[in-house]
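Everything below concerns the one structure shown next.
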Amino acid sequence: MPKFFLTTAIDYANGDPHLGHALEKIGADAIARYRRLRGDDVHFLIGMDEHGQKVAQTAAARGLEPQALVDQVAATFEATWRRLGVSFDQFIRTTSPGHKAGVTALVERMFQRSRDDFYEKRYEGWYCVGCELFKRDDEIVDGKCVLHPTRELQWAEETNWFFRLTRYQEFLKRLFAERPDFLEPATRRNEILSLLESGLEDISITRSRLAWAIPFPEPTSAGETQGTWVWFDALPNYLTATGYPDEVFTRLWPADLHVIGKDITRLHCVIWPAMLESAGLALPGRVWAHGFVQVSGERFSKSAGVKVELAEAVDRHGPDAFRYFLLREVGFESDGNFSWERFDERYTADLADGLGNLASRALQMLVKYREGRVPDTPADTSLDAAGQEATRAYAEAMDAFDLRRGAEAFGSLVTTANLFIQQTAPWALAKAGREAELDQALAALARCLWRLAVLVSPFLPGKAEELWAALGQAGSAARAPWDALAGPPVAGATVRKPENLFPKSLQSNT
């Protein structure tokens, strides 16, 4: 069973989860669930980034100690992901003792192997607390960070430890030349290639007078112990989660896939590989950088007043429908738009009138005409052929992390199956006494629903299991043998008509 170690960016612990967080976690979860279907030994890591100046400021504003704040925020995030069916195997927090020890061990290893990678320097520059980064001139517009236009930049002057990132410029160019799929999609890779061509700068990796941080293991020449820059703390979470520095870490490391937002590719595809190379550790297999969720064409930003409350969006049609909408409508590559109107339209057309209607009609006819018993007939109908083609297209899309196209593949099978019902008219076959043809049609529909229960399980995990149970199947759709999709073993099963999978009464009229 091949190992598949999948991670997402850890969420910053200074606010509540929002649509952008949800898109990343749900998309990564769909990939994790698909890889499990394909037989991989998946380890799915998510978690919280809990240090840094922004957390300290938020805690102070609320009259809390930083640890009390991050404990509250972490509990909210974890509960949200559980409600949305995110099947994570590990939830890491950067305030945990194991992570702190791992970061310290990693930095010490880098010093031991590559001492010249570090030097002290007095730094002056504009600092964005929102990004926890010093900003380059091309990242500042009208005196504001382009990613946090409502925040005031802070001028900072202090002597810090620096990491000699410039030393790794040629290494990174070779990495992208030899492994063109290291960063996808291609638009994100081209951005990093452009950055490398324009030249890298060394980076400040400690902060003076920052108490809410992991102490940097090397004091300055003046004897000051500084706080570790939050990204030099956060990026190693993928490594420390494996048990590093204990030898057990090699069971999972290197990560097979990092799933991140497009705004942090420089950190994950330039700084993180350079850190690992400095430490003499293996690089992750791939990085996938998804786009943003936009609301009315604007990037989601609570501080800028562009927002949709996550809990309200989930409540509208339930967790599964929300998952489906984000992955089918917004997608997992480019920026996509969220609107209540499109959410309602997708819910009605794709789920209520599409998959839900198909399941209801097909299972009701099996109950009515065959007392719920699925006939045993050859899998040679046009619907079976369509099911096999949909499975092929689905696998091709999911292997490429094209989740929208994966949803389109099973959606096309739903459309074909509903058309198949109209064309075969099982009610007319029953009335005419054409029993063999009726058996053939009903069995084909049962096989189609078996396929759909499996294929939709990464997107609609709860509803997939409801459908699976209605088909009289033991176990779980999420654990069905992938090879069985070629000929779903549903003959002889006793089915029942489920409760309406997607009731229209849930739809809001607002």
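Just so it is clear, the structure is predicted and the values come from calculations on it, not from any experiment. Note: hydrogens, waters and symmetry copies are ignored here, and every other heavy atom, side chains too, is used.
- Residues Y238 and A9 approach most closely at OH-CA, 3.6 Å, considering heavy atoms.
- The two residues L449 and L467 make their nearest non-hydrogen contact at O-CD2, 3.8 Å.
- Atoms CD1 and CG, from I46 and N237 in turn, are 11.0 Å apart once rounded to the nearest 0.5 Å.
- Checking each of F322, F343, W340 against H317 for a ring pair (Phe, Tyr, Trp, His ring centres under 6.0 Å) leaves exactly one that passes, namely F343.
- Salt bridge annotation for D353-K504: present, with a cationic side-chain nitrogen under 4.0 angstrom from a carboxylate oxygen.
- For T424 (side chain) and F420 (main-chain N/O), a donor-acceptor pair under 3.5 Å exists by modelled atom type.
- For CD of E312, the number of neighbouring non-hydrogen atoms (other residues, nucleotides, ligands) closer than 6.0 Å is greater than 12.
- Counting only distance, with no hydrogens or angles, the side chain of W253 and the backbone of A282 share a donor-acceptor pair below 3.5 Å.
- More than 12 heavy atoms of other residues, nucleotides or ligands sit less than 6.0 Å from atom NZ of K3.
- Applying the 6.0 Å contact sphere to CD of Q422 captures more than 12 heavy atoms from other residues, nucleotides or ligands.
- Checked by atom type and distance alone, the side chain of W288 never pairs as donor or acceptor with a backbone atom of A28 at under 3.5 Å.
- Salt-bridge check for R82 with E78: passed, with a basic side-chain N closer than 4.0 Å to an acidic carboxylate O.
- Heavy-atom minimum distance, L355 versus F502: CD2-CE1, 4.0 Å.
- Panel note: side chain D41, backbone M1; no donor-acceptor pair is recorded below 3.5 Å.
- A ring pair (Phe, Tyr, Trp, His ring centres under 6.0 Å) with F325 is found for one member of Y347, F338, F459 and no other, namely F338.
- Looking only at distances, a side-chain donor or acceptor of R404 sits under 3.5 Å from a matching main-chain atom of E329.
- Proximity of a side-chain donor or acceptor of T76 to a complementary backbone N or O of Q72 within less than 3.5 Å is detected.
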Working for side-chain contact (heavy atoms from CB on, under 4.5 Å), residues F401 and L257: CA-CA 11 Å; F401 313 131; L257 178 66; 3.7 Å; yes
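- Side chains of H99 and T94: a donor-acceptor N/O pair is absent below 3.5 angstrom, by distance only.
- Between T242 and F5, the shortest heavy-atom distance links the atoms CG2-CE2, 3.6 Å.
- A salt bridge links D384 and R451; the closest N-O separation between the charged side-chain nitrogens and carboxylate oxygens is under 4.0 Å.
- Expressed to the nearest 0.5 Å, how far CE of M48 lies from CG of D11 amounts to 5.5 Å.
- Classification of D29 and R33 as a salt-bridged pair holds, one side-chain N sitting under 4.0 Å from a carboxylate O.
- Between the CG atom of L283 and the CH2 atom of W272 there is a distance of 9.0 Å, given to the nearest 0.5 Å.
- With contacts defined as side-chain heavy-atom distances shorter than 4.5 Å, the pair R447/T377 qualifies.
- With 3.5 Å as the limit, one finds a donor-acceptor pair spanning the side chains of R36 and S87.
- No hydrogens or angles considered: nothing links the side chains of H21 and D16 as a donor-acceptor pair under 3.5 Å.
- Between the side chain of D335 and the backbone N or O of G291 there is no donor-acceptor pair closer than 3.5 Å.
- By the 4.0 Å N-to-carboxylate-O rule, R35 lies too far from D256 to be salt-bridged with it.
- Counting heavy atoms of neighbouring residues, nucleotides and ligands inside a 6.0 Å radius, atom CZ of R179 exceeds 12 of them.
- Looking only at side-chain heavy atoms (C-beta outward), L281 and R109 come within less than 4.5 Å of each other.
- Electrostatic pairing of R370 and E435 counts as a salt bridge here, judged by a charged N lying under 4.0 Å from a carboxylate O.
- Across A464 and A453, no two heavy atoms sit closer than the pair CB-O, 3.4 Å.
- With respect to the salt-bridge test (charged N to carboxylate O, under 4.0 angstrom), the residues K463 and E466 qualify.
- Using a cut-off of 4.0 Å between Lys/Arg side-chain N and Asp/Glu carboxylate O, R251 and D246 are scored as not salt-bridged.
- Contact detail for F182 and P273: the closest heavy-atom pair is CZ-CG, 4.0 Å.
- Distance alone, capped at 3.5 Å, is enough to place a donor-acceptor pair between the R323 side chain and the L84 backbone.
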